[in-house]
J.: 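First the structure, which I've put down as structure tokens, then a few questions once you've had a look.
Values reported hereafter were calculated over all heavy atoms of this structure, with side chains retained and with hydrogens, waters and symmetry mates removed.
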Amino acid sequence: MTTRQRINAITFAGLNVVKGIGLNRTLETICRVLRVDVNDVRSKIRLKDVAYARHVFCFIAYTLKNNHSLKKIGHEINRDHASVLHGKNRISNQYDIYKPVFDDVEEIKRQLLLFKGDYDNSKITKEHVGHYITNMRRQELKKWCDKNDVVSVNKFV
């Protein structure tokens with residue numbers, strides 16, 4: 001078995017997932033491009049650059065094809081769903097009007113698309129087949145997937 005390969009769909013009992021662009025990876029990419037600290041975005045700091053990065057994160061995370069809920073996006077940056085909606089709407093209103101906002105969002109999307117969808121199978125092996133047949137174990141798996149930026153194949157950007 002090679003050290004790097006795609007996870008088989010049967011490994012996850014029909015969930016059909018690969019390592020992809022999750023919220024954590026999205027936030028790290030945004031912070032790297034906008035030169036803001038990840039911990040500042042997750043904190044209550046209201047500086048202009050930090051708030052802008054937070055709003056861009058809300059916009060990009062909501063528009064990705066991963067179907068993240070407002071609550072889940074807000075949990076990533078320690079905010080509630082209303083704050084996420086406000087940030088998303090703020091950037092979507094500025095996206096078509098202001099060139100710097102457009103350029104920032106497009107650069108972040110370009111950086112995210114450079115990511116290859118391979119996954120290191122050292123943690124998940126064929127021994128996991130059939131292990132996730134109960135609801136509790138499926139929930140366990142979904143939590144693990146969220147933590148490790150694993151997304152569904154058909155929702156991969």
Side-chain angles (χ1 to χ4, degrees), residues 4-7 9 11-95 100-124 128 132 135-157:
R4 293 187 60 85
Q5 64 186 24
R6 288 203 183 272
I7 296 175
T11 302
F12 284 100
L15 288 181
N16 197 12
V17 295
V18 294
K19 187 159 184 178
I21 304 169
L23 291 175
N24 194 24
R25 185 180 321 280
T26 304
L27 182 61
E28 289 171 358
T29 303
I30 290 169
C31 290
R32 186 177 65 246
V33 170
L34 298 179
R35 294 182 187 93
V36 177
D37 187 28
V38 175
N39 294 327
D40 289 346
V41 173
R42 290 183 173 140
S43 71
K44 297 199 179 272
I45 293 176
R46 293 169 56 182
L47 294 173
K48 186 178 181 180
D49 294 341
V50 176
Y52 175 69
R54 198 178 292 132
H55 292 164
V56 169
F57 169 73
C58 295
F59 175 74
I60 290 178
Y62 189 79
T63 56
L64 282 177
K65 297 179 182 176
N66 294 345
N67 290 337
H68 296 299
S69 67
L70 294 173
K71 185 176 179 180
K72 194 173 188 182
I73 295 168
H75 187 267
E76 185 68 28
I77 56 172
N78 300 322
R79 296 292 189 276
D80 63 352
H81 70 284
S83 300
V84 173
L85 192 60
H86 170 73
K88 178 194 81 74
N89 289 338
R90 187 166 187 129
I91 296 299
S92 66
N93 291 339
Q94 296 175 357
Y95 182 73
V101 173
F102 177 82
D103 290 342
D104 287 343
V105 170
E106 290 303 313
E107 173 62 22
I108 291 165
K109 286 182 180 178
R110 190 184 69 73
Q111 291 284 328
L112 287 172
L113 290 176
L114 291 176
F115 172 72
K116 303 291 185 217
D118 291 338
Y119 183 75
D120 184 0
N121 259 351
S122 61
K123 294 179 184 173
I124 301 297
H128 290 87
Y132 296 102
N135 285 337
M136 187 175 80
R137 287 183 176 165
R138 278 182 178 264
Q139 288 173 355
E140 241 177 64
L141 175 65
K142 286 181 183 179
K143 286 179 186 175
W144 183 88
C145 290
D146 289 342
K147 182 180 171 191
N148 292 290
D149 285 341
V150 178
V151 295
S152 279
V153 170
N154 56 356
K155 306 229 166 70
F156 187 68
V157 175

J.: Could you check whether any side-chain heavy atom of L23 comes within less than 4.5 Å of a side-chain heavy atom of F57, counting everything from C-beta outward?
T.: yes
J.: Give me the atom names and distance for the closest heavy-atom approach of V36 to V50.
T.: CG1-CG2, 4.0 Å
J.: Between atom CG of L34 and atom CD of E107, what is the distance when rounded to the nearest 0.5 Å?
T.: 9.5 Å
J.: Excluding sequence neighbours, so at least two apart, what forms side-chain hydrogen bond (donor to acceptor under 3.5 Å, both in side chains) with E106?
T.: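 For E106 the side-chain hydrogen bond (donor to acceptor under 3.5 Å, both in side chains) partners, ignoring immediate neighbours, are Y95.
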J.: What distance separates D49 CG from C31 SG, expressed to the nearest 0.5 Å?
T.: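 The SG atom of C31 is 11.5 Å from CG of D49, to the nearest 0.5 Å.
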J.: Assess whether atom CZ of R90 is packed by more than 12 heavy atoms of other residues, nucleotides or ligands within 6.0 Å.
T.: no
J.: How about I91 and V101: do any of their side-chain heavy atoms sit closer than 4.5 Å?
T.: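 SC-SC contact between I91 and V101 confirmed.
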J.: Stepwise, does the side chain to side chain donor-acceptor pair (under 3.5 Å) test hold for S43 with D40?
T.: CA-CA 5 Å; S43 71; D40 289 346; 4.6 Å; no
J.: Rounded to the nearest 0.5 Å, what separation is found between the OG atom of S92 and the NE2 atom of H55?
T.: 11.5 Å
J.: Answer yes when E28 and R25 have at least one side-chain N-carboxylate O distance shorter than 4.0 Å, and no when they do not.
T.: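 Looking at R25 together with E28, the answer is no, because their closest N to O distance does not fall below 4.0 Å.
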J.: Closest approach of C58 and G87, non-hydrogen atoms and distance?
T.: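 Closest approach of C58 to G87: CB-C, 4.2 Å.
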J.: Take V56 and D104, measure what side chain to side chain contact (heavy atoms under 4.5 Å, CB included) needs, and give me the verdict at the end.
T.: CA-CA 9 Å; V56 169; D104 287 343; 5.6 Å; no
J.: How many angstroms lie between CG in D80 and CD1 in I73, if you round to the nearest 0.5 Å?
T.: 12.5 Å
J.: Got a second to check how far K88's NZ is from N93's CG, nearest 0.5 Å?
T.: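 One finds 8.5 Å between NZ of K88 and CG of N93.
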J.: Would the distance check show the side chain of R42 and the main-chain N or O of E76 forming a donor-acceptor pair, the cut-off being under 3.5 Å?
T.: yes
J.: Please assess Y52 against L47 for the test side chain to side chain contact (heavy atoms under 4.5 Å, CB included), listing each intermediate value before the final yes or no.
T.: CA-CA 8 Å; Y52 175 69; L47 294 173; over 6 Å; no
J.: Looking at V41, is its backbone amide N or carbonyl O close enough to the side chain of R54 to form a donor-acceptor pair, meaning the two atoms are under 3.5 Å apart?
T.: yes
J.: Going from OG1 on T26 to NE2 on H68, what distance comes out if it is rounded to the nearest 0.5 angstrom?
T.: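 Nearest 0.5 Å value for the OG1-NE2 distance: 6.5 Å.
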